[in-house]
Amino acid sequence: MPALGQVLLDALKTHGAGEIFGIPGDFVLPFCRMIEDSATLPFYTLSHEPAVGFAADAAARFHGGLSVAVVTWGAGALNLVNATAGAYAERVPLVVISGAPGLHERASGWQLHHMARTLDTQMRIFTEITCAQANLLDPSAAAAEIARVLRAAREYSLPVYLELPRDLVTAGAASVTPLPPRRADPEALAECAGEILARLAAAKQPVMLVDVELRRYGVERAAAALARRLGLPVVTTFMGRGLLSQGPDVIAGTYLGAAGQPAITRLVEDSDTPLLLGVILSDTNFAVSERKIDMRRAILATNREVRIGHHVYPDVPLADLLDALLARAAPAQRAGQQFPPPRYAHGLAADAAPLTPSDIACAVNDLFAAHGPMPIACDMGDCLFTAMEIANSRLVAPGYYAGMGYGVPAGLGVAVATGERPLILVGDGAFQMTGFELGNCRRYGWDPIVIVFNNASWEMLRVFQPESRFNDLDDWGFARLAEALGGRGMRATTRAELAAALAEAHATRGRFCLVEAMLPRGTTSDTLARFVAGFKAARLRLANDG
Ligand SMILES: Cc1ncc(Cc2csc(CCOP(=O)(O)OP(=O)(O)O)c2C)c(N)n1
Ligand SMILES: [Mg+2]
């Protein structure tokens with residue numbers, strides 16, 4: 001029989017995993033040796049487990065399948081909790097594999113090193129932030145357990161957790177046979193599709209609102225085809241920006257409520273039948289709504305269920321639903337509305353004016369126009385709002401979970417998943433958290449372009465609480481630090497210097513290039529300014545409505 005560790009690696013590959021990120025430790029050394037020796041999947045080690053999780057998360061998002069984080073028990077795995085929680089919140093199929101004490105150690109009765117409370121504490125913690133789990137204590141049951149857990153990761157597009165005792169990695173185990181995907185009940189699906197199409201046909205102002213699950217389940221083309229067939233305008237949520245990029249004819253814009261384009265806000269909020277596909281009903285998507293979407297009239301298909309008004313069709317995969325709708329939808333009489341394509345700033349004046357975040361967006365738009373777009377990994381902070389002003393669709397960011405520190409490691413994950421050169425957007429505060437992972441670029445040949453929005457401030461907090469002095473950070477001089485980490489660093493304080501630094505960075509290959517954009521404290525992107533105004537107005541309305 002093959003070794004359990006190899007069975008697991010083969011199963012990960014069969015289920016679509018593209019790579020493994022990890023940090024070894026004594027409880028996982030035997031498995032890491034097998035990963036390295038077998039080369040079943042490429043293996044990348046980073047410097048801190050949060051980065052391992054963020055890189056794997058971003059890789060999974062970009063190649064639309066599983067990605068894997070391998071860590072040691074206790075100190076390593078518990079360092080991964082926040083990234084796993086973020087993956088859960090944003091529907092990412094991250095496979096967390098933790099080495100664990102061997103069977104003989106479990107029976108010793110000792111308080112083992114790396115153990116916080118009990119032998120099962122870690123499993124309990126990860127059970128809260130994953131959709132399926134297994135402790136592979138019994139090699140004879142391992143194949144069935146691995147098949148069950150990996151199918152759940154793919155079906156729910158959510159993280160899963162596997163624990164692997166270190167003395168069982170070479171134990172004999174049966175190979176894994178992938179379980180068949182569970183489809184929707186045909187009758188329920190037919191009834192659900194029929195009801196949705198009837199409601200859309202009777203609607204005066206239907207709209208399709210789309211979000212991240214369309215990408216997670218690979219159904220963007222089907223959604224665009226349905227929109228064309230039914231003459232529905234398509235709007236993406238804040239988190240879903242960049243979806244259906246291959247269907248620009250159906251995309252009307254991005255819904256940002258009071259912070260967005262009024263025509264798009266009206267399209268969504270005045271609709272009598274909003275069709276929400278793969279939409280996460282989060283505050284980041286809807287907190288700045290001018291008027292709440294009337295959920296009594298809405299059709300919400302997410303998380304393998306369809307909610308119409310106040311009744312629910314359970315266990316309906318999004319792909320099955322779209323297939324059923326396309327199989328039944330007659331071309332609508334309604335002529336699809338034409339919307340002007342979103343406008344993005346170009347032609348940055350290369351002058352001595354100090355920088356604003358929106359200047360960075362303009363400079364990136366100029367770079368992409370001259371050399372083609374790059375895949376973008378973005379952190380939390382004003383850089384994320386600035387990214388809304390960049391004409392690019394392929395972007396990963398913690399748009400809903402909003403955890404800082406994601407950007408740089410995610411950019412490394414994007415480099416692995418795409419084989420392309422990524423652009424990383426990150427604030428100085430977030431860079432302080434995980435920016436040093438750039439020190440891993442040289443040994444793997446990664447050469448991202450990194451733009452650090454350096455305002456020496458937690459500016460996003462300052463816009464909400466300007467009186468707090470703790471938002472004042474020091475200037476760490478990141479451009480100089482870049483050289484020490486094996487990259488190239490350039491500091492830009494004017495628009496001319498920014499344009500020159502980006503051109504220089506683009507022309508430099510084989511090492512990461514960090515452009516430190518110096519931003520005066522108090523300046524924010526146009527989008528963040530609108531978002532804050534919209535958020536405050538929405539909060540005022542809530543207070544007045546009581
Ligand atoms: C892991 C984590 N800890 C704290 C916070 C809370 C926070 C949200 S935004 C922010 C400031 C970000 O500063 P940065 O310099 O990166 O960007 P900018 O605002 O543009 O200046 C903080 C501390 C979050 N979201 N995640
Ligand atoms: Mg900052």
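These numbers were taken from a predicted model, which means no experiment stands behind them. Whatever order the structure lists them in is the order used to number ligands and atoms, beginning at 1. Reckoned from all heavy atoms, side chains included, excluding hydrogens, waters and symmetry mates.
- Nearest heavy atom pair, residue Ala77 against residue Phe126, reads O-CZ, 3.3 Å.
- Close N/O approach between Gly381 and ligand 1 is not found [any backbone or side-chain N/O within under 3.5 Å].
- If you look at Phe368 and Tyr344, their ring centroids are not closer than 6.0 Å.
- The shortest contact between atom 19 (O) of ligand 1 and any protein heavy atom is with Met460 N, 2.8 Å.
- Applying the 4.0 Å criterion to heavy atoms of Gly429 picks out, from ligand 1, the atoms 14 (P), 15 (O), 16 (O).
- Residues Glu389 and Ser358 approach most closely at OE1-OG, 2.7 Å, considering heavy atoms.
- Here the closest non-hydrogen pair linking Leu66 and Arg154 is CD2-CG, 3.7 Å.
- A salt bridge links Glu305 with Arg307: at least one charged nitrogen is closer than 4.0 Å to a carboxylate oxygen.
- Within ligand 1, counting atoms from 1 as listed, the ones closer than 4.0 Å to a heavy atom of Asn455 are 20 (O), 21 (O).
- If you look at Asp428 and ask which of its N, O or S atoms sits nearest the Mg ion (ligand 2), the answer is OD1.
- Not less than 6.0 angstrom separates the ring centroid of Tyr255 from the ring centroid of Phe238.
- At a 4.0 Å heavy-atom cut-off, ligand 1 touches Ser457 through the backbone alone.
- Ligand-side atoms of ligand 1 in range of Asp428: 15 (O), range being under 4.0 angstrom from any heavy atom.
- Scanning the protein heavy atoms around atom 16 (O) of ligand 1, the nearest turns out to be Ala430 N, 2.9 Å.
- Residue Ser457 counts as close to the Mg ion (ligand 2), with an N, O or S atom under 2.8 Å.
- The protein heavy-atom contact nearest to atom 18 (P) of ligand 1 is Glu459 N, 3.8 Å.
- Between the side chains of Thr45 and Arg443, at least one donor N or O sits under 3.5 Å from an acceptor N or O.
- Nearest heavy-atom pair across Leu244 and Val210 is CD1-CG2, 4.4 Å.
- The protein atom (non-hydrogen) at minimum distance from atom 25 (N) of ligand 1 is Ala402 O, 2.8 Å.
- Met404 SD, 3.2 Å is the protein heavy atom nearest to atom 22 (C) of ligand 1.
- Residues Tyr88 and Tyr401 keep their aromatic ring centres 6.0 Å or farther apart.
- For atom 20 (O) of ligand 1, the nearest protein heavy atom (residue, atom name, distance) is Asp382 N, 2.9 Å.
- A side-chain donor-acceptor contact under 3.5 Å links Ser47 and Asn440.
- At a cut-off of 2.8 Å, Asn454 is not counted among the residues with an N, O or S atom near the Mg ion (ligand 2).
- Regarding atom 13 (O) of ligand 1, its nearest protein heavy-atom neighbour is Trp458 CD1, 3.3 Å.
- Looking at atom 8 (C) of ligand 1, its nearest protein heavy atom turns out to be Leu461 CD2, 4.0 Å.
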